[in-house]
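First up is the structure itself, then whatever we jot down about it.
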Amino acid sequence: MNTLSKPKILVARAIFPDTLELLESLFDVHSNQADRILSPAELQEALSSVSGALVAGSERIDQQALSRAKNLKVVANISVGYNNFDVAAISAAGVMATNTPDVLTDTTADFGFALLMSTARRITESEHWVREGKWDKWSIVNNPLGMDLHHSTLGIIGMGRIGQGIAKRALGFGMKVVYHNRNRLSKEDELACGATYLNKEELLREADHVVLVLPYTPENHHAIGVNEIALMKPTATLVNIARGGIVDDNALAQALQSGKIFAAGLDVFEGEPVVNPELLKCRNIVIAPHIASATEKTRRAMVALAIENLRAALTGQKPPSLINPEVWGKN
Ligand code: DGY
């Protein structure tokens, strides 16, 4: 393939240098190794001249972004969540949309469990306490006392692959697992994760720990707000590894400050990377910068799957994780 015949692609965010080299051997690549997030106008301009694009959650792909994308065949998200895609607009433009499921399930479930443990056992708060010189003695009552995970009830809202992975980990801790999901799991899957279906309100009332792993959709905006938090136990923890916007961050900050719930662990935020200053004031919170899938092995696997999706789409094959199959064969 000479350079002139190579399809032109956009790589909208920085990727591993060796992977970029591989891409450059196959495509005419317009890359962004500086990792500066493109403005909507820059994204629209960049998409106007390419056949394929590797993007991430920072790139909103909607009618406006696609308005000049006359040759675009595929937008490949390097992410399993695709709330940055307006799928209807992408399909209307005859463009294939893909994501990266499966390859990050275990890494993300591990992290969900780690965040849950840190939150319930006050690990980051304890570290600050030690660093601030407050640890002057071992004490039965005056050291940071946490909440147990073992033999408590874990409530998982959003029981897809990652939610099920967290449930399986919880079994090893002797936890009772209850879940809520748009669709109830098959009996077989419920048995495999030892999980019992509850409606959302029942789950919030019963759970000692609540983990959110549901997709962000307009219906799930502020799925956890003042009313939902009011149902939770004052001793409960809330962990969000799904998306900002699912939790009303103002309501959560107030609940943490007034002791309505015990603690929260957050990997995602409304308007991230900016974090609500009221949340930053709370001591009973563990904060992470959207890193649930962030191990090098998994991030490489996500990029590799996104590239495979893009390569397939540009060589007339069906991408392995096509989100909008109705477009397949039509462009
Ligand atoms: C995902 O894959 O959805 C992760 O949250 C990264 O965006």
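Residues: numbered from 1 along the sequence shown. When a ligand or atom number is given, it counts from 1 through the structure's own listing order.
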Completion exercise
For atom 4 (C) of ligand 1, the closest protein heavy atom turns out to be His290 NE2, 3.8 Å
Handout entry: Heavy-atom nearest neighbour in the protein, as seen from atom 7 (O) of ligand 1, with distance rounded to 0.1 Å
Key =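 Result: Ser79 OG, 3.3 Å.
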Practice task
Classify the ring geometry between Phe113 and Phe173 as parallel (under 30°), tilted (30 to 60°) or perpendicular (over 60°).
Solution key: tilted
Practice task
Answer yes or no: does atom NZ of Lys260 have more than 12 heavy-atom neighbours from other residues, nucleotides or ligands under 6.0 Å?
Solution key: no
Fill in the blank from the handout: Note: ligand 1 atoms sitting under 4.0 Å from heavy atoms of Leu104 are 2 (O)
Practice task
State plainly whether one hydrophobic cluster holds both Leu116 and Ile291, where clusters connect Ile, Leu, Val, Met, Phe, Trp and Tyr through side-chain heavy atoms under 4.5 angstrom apart.
Solution key: yes
Problem - Point-to-point distance, once rounded to the nearest 0.5 Å, from CG of Asn142 to CD1 of Ile140 - result: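 If we round to the nearest 0.5 Å, Asn142:CG and Ile140:CD1 are 10.0 Å apart.
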Handout entry: Value rounded to 0.5 Å, distance of CE in Met232 from CG in Leu204
Key =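 It is 6.5 Å, given to the nearest 0.5 Å.
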Decide whether an N or O pair under 3.5 Å exists between [X] and ligand 1.
{"X": "Thr100", "answer": "no"}
{"X": "Ser293", "answer": "no"}
{"X": "Val80", "answer": "yes"}
{"X": "Gly81", "answer": "yes"}

Exercise for the section: Please report the shortest heavy-atom distance between Asn276 and Glu278, naming the atom on each side. Expected result: OD1-N, 2.8 Å
